[in-house]
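Heavy atoms only: backbone and side chains are in, while hydrogens, waters and symmetry mates are out.
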Number of protein chains: 2
Amino acid sequence: MTHARHTDVRETIGEDHPTCQLRDILDRVGDKWSVLVMNLLGSGPKRYSELQRSIEGISQRMLTLTLRSLERDGLVERTVTPTSPPRVDYALTPVGQTLSVQVSGLIAWAEQHREYVAASRLRYDAP
Amino acid sequence: MTHARHTDVRETIGEDHPTCQLRDILDRVGDKWSVLVMNLLGSGPKRYSELQRSIEGISQRMLTLTLRSLERDGLVERTVTPTSPPRVDYALTPVGQTLSVQVSGLIAWAEQHREYVAASRLRYDAP
DNA sequence: CAGAATCCAACCGGATACTG
DNA sequence: CAGTATCCGGTTGGATTCTG
């Protein structure tokens with residue numbers, strides 16, 4: 001399983017300090033593409049190829065890995081229509097939709113504060 | 001500047017497709033510790049050592065890099081009291097607080113759905 | 001069309017040692 | 001106390017090639 005390391009649950013390092021388990025879940029949002037995929041699926045089911053076209057710069061490999069990982073976590077459902085060529089649709093599960101609400105908030109924040117952050121960085125890097 | 005690569009703004013790859021700039025901002029939440037630090041600061045200013053004790057497993061290096069990066073983005077403010085030994089406090093800026101609201105939502109989600117996700121993974125990994 | 005497999009560079013972050 | 005500097009292994013993810 002090539003992508004084992006990608007989907008591997010990081011052990012909670014022995015102790016069950018809440019922080020560790022938190023990190024585990026937050027990694028879901030932390031990887032490079034999950035948030036973008038979830039956001040797109042938030043507006044309805046999409047085909048594999050639609051996702052690929054919509055997400056600027058994602059590789060086939062990463063799209064597949066990201067979708068598998070979301071599916072594994074019960075956030076995305078995969079539906080195969082065995083025509084030829086095959087058609088595969090991805091949709092959020094009910095729980096996935098509750099996460100996509102959070103994700104939308106995050107994206108909205110990012111859009112609203114993009115300029116502020118950019119300006120802050122410029123000032124910080126000036127000297 | 002050792003942590004240049006950590007704070008480097010990923011270029012928006014030429015075109016100004018919204019996705020690229022989005023990724024740039026989302027990386028703020030994507031790294032390993034920022035969300036945890038912001039969440040702690042959400043309940044009020046903290047000293048460097050308090051943060052380090054509160055965040056299970058963070059190294060000195062990563063705490064410093066994370067704080068610098070948040071400061072650079074205008075989300076956290078650093079205040080030095082030049083006593084001996086020195087005392088340094090970190091607090092969210094007004095904009096930082098608006099992000100911490102989103103972060104709280106994310107963390108709440110993670111806590112509410114931890115078991116669901118864990119169960120999904122078990123089922124997925126079974127065969 | 002929707003992937004799986006392999007290869008490999010870049011990067012992230014931990015451990016350690018040193019400082020004002 | 002609150003950092004900085006250096007070294008270095010593991011992981012992430014892009015490019016490419018092949019398939020049902």
A:Leu65 CG to D:dA15 P, in whole Å, measures 15 Å
For B:Met62 and C:dT16, what is the distance between atoms CE and C1' respectively, to the nearest whole Å?
16 Å
Say whether, by atom type as modelled, one donor and one acceptor occur between the side chain of B:Arg23 and the main chain of A:Lys32 under 3.5 angstrom.
yes
Rounded interatomic separation in angstrom, taking CG from A:Leu51 and P from C:dA2:
9 Å
Is any side-chain N of the basic residue among A:Lys46 and A:Asp89 closer than 4.0 Å to the acidic one's carboxylate O?
no
Tell me: CZ of A:Arg68 to C1' of D:dT12, nearest whole Å?
19 Å
Given C:dG14, D:dG3, C:dG3, identify the nucleotide with an atom nearest to the side chain of B:Thr64.
D:dG3
From CZ of A:Arg28 across to C1' of D:dT12 the rounded distance in Å is 14 Å
Would you say A:Ser69's side chain and A:Leu65's backbone share a donor-acceptor pair under 3.5 angstrom?
no
According to a strict under-4.0 Å criterion, is B:Tyr48 in side-chain N/O contact with OP1 or OP2 of D:dT4?
no
Minimum-distance nucleotide (side-chain atoms of B:Arg61 versus C:dG3, C:dG13, D:dG3)
C:dG13
Whole Å only: how far is the CD atom of B:Gln60 from the C1' atom of C:dT16?
11 Å
Can you measure A:Arg87 atom CZ to C:dG3 atom P for me and round it to whole angstrom units?
13 Å
A:Ser49 side chain N/O closer than 4.0 Å to the phosphate oxygens (OP1, OP2) of C:dC1?
no
Atom CG of B:Asp73 and atom CZ of B:Arg68: how far apart are they, to the nearest 0.5 Å?
13.5 Å
If you pin A:Gly57 and A:Pro86 to their nearest nucleotides in DNA chain D, which one's is more 5'?
A:Gly57
Counting only side-chain nitrogens and oxygens, does A:Arg47 get under 4.0 Å of the OP1 or OP2 atom of C:dA2?
yes
If you assign A:Ile58 and B:Tyr90 each to the DNA chain D nucleotide with the nearest heavy atom, which residue ends up on the more 5' nucleotide?
B:Tyr90
Using the side-chain heavy atoms of B:Val88, tell me which of these nucleotides is nearest: C:dG3, C:dC1, D:dA2.
D:dA2
Between the side chain of B:Tyr116 and the main-chain N/O of A:Gly74, is any donor-acceptor distance below 3.5 Å?
yes
For B:Leu63 and D:dA5, what is the distance between atoms CG and P respectively, to the nearest whole Å?
16 Å
